[in-house]
Amino acid sequence: MPPSLTILIADVAVIAEAKNGKEAVQLATQQQPDLLLLDIRMPLMDGLEAAQHMQKLMPRPQIIFTTAYDAYAIKAFDLNAIDYLLKPIRLERLQAAIEKAKAISTPALQALKPLQKTRSHLSIHERGSIVLIPIEDIIYCRAELKYITLRTQQKAYLLEAEFGEVFIRLHRNCLVTQRHISGYEKRKDDSHRLQWHAILKGVTETIKVSRRQQHLIRKP
């Protein structure tokens, strides 16, 4: 929302503006806004996915979607948006949407169902903030007790069990990103028996392939 509009709408102040969806998530984590105006079409990450990641913020911000394309209207309301504004946005329409957001109580807001959409990123909590991990950077996910370890070339993260179609299950406790498999080879296990392992790009770890999943072994 342009800063010039704030003097015309009571009790409204712009605390941050983002150039893309990824930056919007980062700023929302830092600034903890009460209300967000999210354009549906944005670079790096669209408004629908950004809103999905923001469901993890506490307190959860209210969201009004904006777009130049009315084809998204039904989908936006299906996602429990507070309102949906079609560009060019009239001041009185914007004010009505903000008043609607003010009227919704916090308990009612927290009860809204999480947004569901295929993601380009996974979001995790780390040191009190949200970290966005691009799906394409994930090498594998491993289940260990009640935790899931997500591995990229840079580091390992702990996260909830959320996976997309880009992963392949090589073992009952391990999913691997197919694009990060460079090949397979047999190595001796602790019992000195030969066992198939997946060789991964960019990291030294290998992933054991269970006998049940050996039919998946092929050149990537």
Side-chain angles (χ1 to χ4, degrees), residues 1-73 75-102 104 106 109-110 112-138 150 152 154 157 159-160 162 164:
M1 179 172 58
S4 58
L5 292 180
T6 62
I7 61 174
L8 301 176
I9 301 178
D11 303 323
V12 171
V14 176
I15 59 174
E17 296 184 41
K19 297 186 293 293
N20 54 66
K22 188 173 181 179
E23 185 177 336
V25 175
Q26 295 168 342
L27 287 172
T29 302
Q30 298 166 5
Q31 302 291 337
Q32 297 184 331
D34 298 315
L35 176 66
L36 288 139
L37 294 181
L38 281 181
D39 199 326
I40 290 180
R41 287 194 175 184
M42 292 190 290
L44 297 183
M45 179 187 297
D46 65 32
L48 295 175
E49 182 178 348
Q52 185 176 3
H53 291 301
M54 292 178 197
Q55 300 304 297
K56 295 184 178 181
L57 294 175
M58 284 297 176
R60 188 189 307 169
Q62 295 171 304
I63 293 173
I64 296 172
F65 285 115
T66 69
T67 183
Y69 305 92
D70 58 5
Y72 292 104
K75 188 171 185 179
F77 284 116
D78 284 344
L79 296 177
N80 285 317
I82 299 299
D83 210 335
Y84 174 93
L85 303 179
L86 191 62
K87 299 177 182 179
I89 300 171
R90 293 179 292 109
L91 179 59
E92 57 270 26
R93 183 69 181 87
L94 174 61
Q95 188 162 13
I98 292 175
E99 291 301 322
K100 183 188 299 185
K102 290 180 181 179
I104 296 179
T106 299
L109 177 65
Q110 301 307 320
L112 294 179
K113 66 183 180 181
L115 303 180
Q116 299 297 323
K117 179 182 177 293
T118 302
R119 305 182 184 191
S120 61
H121 292 67
L122 291 183
S123 56
I124 64 172
H125 287 286
E126 187 173 73
R127 298 179 181 177
S129 62
I130 293 178
V131 179
L132 297 174
I133 312 297
I135 291 290
E136 63 180 18
D137 289 352
I138 300 172
L150 181 155
T152 68
Q154 288 71 39
Y157 302 86
L159 78 163
E160 299 173 355
E162 295 185 51

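Since this is a predicted model, take the numbers as computed values, not measurements.
Of the inter-residue distances, the one linking Gln62 atom CD with Lys102 atom NZ reads 11.0 Å to the nearest 0.5 angstrom. Taking CG of Leu150 as the start and CD1 of Ile138 as the end, the distance is 4.0 Å to the nearest 0.5 Å. To the nearest 0.5 Å, atom CD of residue Glu49 and atom NZ of residue Lys22 are 10.5 Å apart. In this structure, Thr67 OG1 and Leu86 CG are separated by 7.0 Å, a value rounded to the nearest 0.5 Å. The line from CZ of Arg60 to CG of Asp34 is 14.5 Å long, rounded to the nearest 0.5 Å. With values rounded to the nearest 0.5 angstrom, Ile40 atom CD1 is found 5.0 Å from Leu48 atom CG.
Considering every non-hydrogen atom in both Ala101 and Leu35, the closest pair reads CB-CD1, 4.0 Å. In terms of heavy atoms, Phe65 sits closest to Gly47 at CE2-O, 3.6 Å. Between Met54 and Leu36, the closest heavy-atom pair is SD-CD1, 3.3 Å.
Looking only at side-chain heavy atoms (C-beta outward), Met45 and Leu132 come within less than 4.5 Å of each other. Within the 4.5 Å cutoff, no side-chain heavy atoms of Leu57 are placed close to those of Gln32. Between Leu37 and Ile89 the shortest side-chain heavy-atom distance does not fall below 4.5 Å. At least one side-chain heavy atom of Lys87 sits less than 4.5 Å from a side-chain heavy atom of Asp39.
Considering only residues two or more places apart in sequence or on other chains, Ala97 meets the side-chain contact (heavy atoms from CB on, under 4.5 Å) condition with Ile64, Asp83, Leu85, Arg93. Taking Glu136 as the reference, Pro134, Arg179 meet the side-chain contact (heavy atoms from CB on, under 4.5 Å) condition, with sequence neighbours excluded. The side-chain hydrogen bond (donor to acceptor under 3.5 Å, both in side chains) check on Glu23 picks up Lys19, with sequence neighbours excluded. With sequence neighbours left out, Gln31 forms a side-chain contact (heavy atoms from CB on, under 4.5 Å) with Ile15, Ala16, Pro33.
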